[in-house]
Amino acid sequence: MERESADVAGNVEFSGTTLAIRAKSIITMAGEVPARGARLFEPLKKIDNGVLLVRDGLVIDVLPWGKASLPPDTHVRDLGPICLAPACINAHLHLELSHLAGKTCWGKGFTAWLASLIPLLGSPPDAECVADACADMLHTGTLYAGNVAGSLAGGMALVDAASRETGLIVRHFCEWFGFGVPFVDAQRPWPPRCRAYVTAHAATAAYSAPAGHALYSTGPDVLAAAHADCRRMGGVFSIHLAESPEETELLASGGGPLRQLYDTIVLPGDWSPPGLRPLTYAMKLGLLSPGTLAVHGVQLNAQEIDVLAASGAALCLCPRSNYNLGVGLPLLRVMMESGCLLCLGTDGLTSNRNLDVRQEAIWLRETFDVPPEALIRFLTVNGAAALNLTGRGAGRLEPGGPAHFCVIPEELTC
């Protein structure tokens, strides 16, 4: 019997041959629905001494090794004392900024980080860095990603090409940034840096959607149009929300370091603050609804978390990024108990050391003592629901579905 190590997402395709992948345990998530509230903490169904049977890239069955009846041509791959689960979903990251890794300011607050990032946005995206980032994600067990596009000219094309080449499955959030930018075209409110590409590539447009950067950096008319388009087309509307104290201060009072930074480069001369906290302002604009993916949320208070949960919007947590920038910690227990749909993202290499979304779960486990059952749901079925990937079999290992898996680190084993 062949025994190998495995630390990659298993895109296993042995044409015409049955592949039996054996592991100490397998968590299939079969039959699981997106988990909220108390359901996050329910025990996971786990098959000890399990085997994943695969043919032509699809799951035939998952069952205990002793109950497996293997065809004569079966190729057995024994992965040893590890736990397998469905491939992970990284629900939020900025792949086209991968070439800026290690070049920004961390630990001094959001505005200091942003001030260090803005001058770097004049540099073009790097195809090799984007391809390496996609490959690294696959190597660490991520198969699905929610990528923010539109930060750099040509960035979406590079990410789309690299994801196709590596096999990473990407949803593109085509992000609007700025005020007073014309947004109405003949059909869809695509931002300028994405419009030509999605117009010319219908297949990419089918898994892309207009998005908003943030309440303080994007005109409310543009945000409303992008959200309405997502609702009409069944897409996911993504927006950074309640990420930093500076954001809250700017929207509530119009002052603070973020106002000083943006006054000359983003905010129009006649801009005035809404006088509201971020969550209240987003609700006023009608941006929070089922199909909305709010990102970060570390500045949400308990009451706002309940409002967000009631809206039906999902929340993507990027805890290592938030920690690195020093913008605060989420009220995680309140979030989990609220019934909000929670998932995980890495944000990107301008604010994180790597794009291994499993490390976000480990960080939450070590910092908040979150049960592994909840974290594995964040990484799988919840991420799939937040990106509207459920029709693709994402987040589960079940007969007829894709045979994509990841290795669960020891810190997350149940």
Side-chain angles (χ1 to χ4, degrees), residues 1-4 6-35 39-40 42-91 138 141-145 167-169 171 207 343 357-358 372-408 412-414:
M1 180 183 297
E2 178 182 0
R3 172 164 290 190
E4 307 175 0
D7 58 356
V8 299
N11 186 1
V12 285
E13 296 185 8
F14 283 68
S15 180
T17 301
T18 300
L19 178 63
I21 302 170
R22 187 178 181 183
K24 180 181 179 181
S25 59
I26 303 176
I27 298 171
T28 69
M29 307 302 291
E32 284 257 356
V33 297
R39 289 184 64 92
L40 284 167
E42 292 179 357
L44 293 169
K45 296 177 182 178
K46 182 171 63 172
I47 299 174
D48 291 323
N49 191 16
V51 58
L52 173 67
L53 298 179
V54 179
R55 193 175 184 91
D56 295 332
L58 299 177
V59 176
I60 300 174
D61 206 350
V62 190
L63 66 168
W65 175 256
K67 295 184 178 180
S69 179
L70 306 181
D73 65 344
T74 300
H75 176 86
V76 178
R77 177 178 293 174
D78 188 347
L79 302 183
I82 63 173
C83 178
L84 297 184
C88 297
I89 290 92
N90 186 338
L138 286 164
T142 294
L143 182 65
Y144 307 90
L168 187 71
I169 298 172
R171 294 279 194 190
Y207 49 85
C343 58
V357 72
R358 298 173 304 175
E373 292 83 356
L375 296 169
I376 291 173
R377 289 181 169 105
F378 289 177
L379 291 169
T380 57
V381 291
N382 280 18
L387 294 187
N388 195 22
L389 288 165
T390 50
R392 305 185 64 109
R396 298 171 180 82
L397 288 169
E398 51 193 359
H404 300 292
F405 60 82
C406 76
V407 175
I408 294 296
L412 303 179
T413 53
C414 302

For the residue pair Trp65 and Asp78, establish whether any side-chain heavy-atom pair is separated by less than 4.5 Å. no

Below 4.5 Å, heavy atoms only, C-beta onward: do Leu53 and Leu19 meet side chain to side chain? no

Under a 4.5 Å cut-off applied to non-hydrogen side-chain atoms, are Val51 and Leu63 in contact? yes

In Å, rounded to the nearest 0.5 Å, how long is the span from CD1 of Ile169 to CG of Leu138? 9.0 Å

Rounded to the nearest 0.5 Å, the CG atom of Leu143 sits from the CG atom of Asn90 at a distance of 11.5 Å

Ile89 vs Val357 side-chain heavy atoms within contact, under 4.5 Å: no

What heavy-atom pair brings Leu397 and His404 nearest, and what distance separates the two atoms? CD2-O, 3.3 Å

Just verifying a value: how many Å separate Leu44 CG and Glu42 CD, rounded to the nearest 0.5 Å? 9.5 Å

Please determine which of Leu84, Ile47, Ile27 meets the side-chain contact (heavy atoms from CB on, under 4.5 Å) test together with Val62. Ile47

When every non-hydrogen atom of Pro71 is compared with those of Thr18, the smallest separation belongs to CG-OG1, 3.9 Å

Can you name the nearest heavy-atom pair linking Arg171 to Leu389, along with the distance? NE-CD2, 3.5 Å

Do the side chains of Glu32 and Arg396 get close enough for a salt bridge, i.e. N-O under 4.0 angstrom? no

With rounding to the nearest 0.5 Å, note down the distance linking OG1 in Thr413 to CD1 in Ile82. 12.0 Å

If we only count heavy atoms from C-beta on, is the Asn49 to Pro64 side-chain gap below 4.5 Å? no

So, do Phe405 and Ile21 sit near enough that their side-chain heavy atoms are less than 4.5 Å apart? yes

What I'd like to find out is whether the side chain of Leu412 reaches to under 4.5 Å of the side chain of Leu379, using heavy atoms alone. yes

Looking at every non-hydrogen atom in both residues, tell me the closest pair between Arg377 and Met29 and how far apart they are. CG-CE, 3.8 Å

Is the shortest side-chain heavy-atom distance between Ile408 and Arg358 below 4.5 Å? no

Shortest non-hydrogen contact from Ala30 toward Glu398: CA-OE1, 3.6 Å

Cys406 and Cys88 have their tightest heavy-atom pair at SG-SG, 3.6 Å

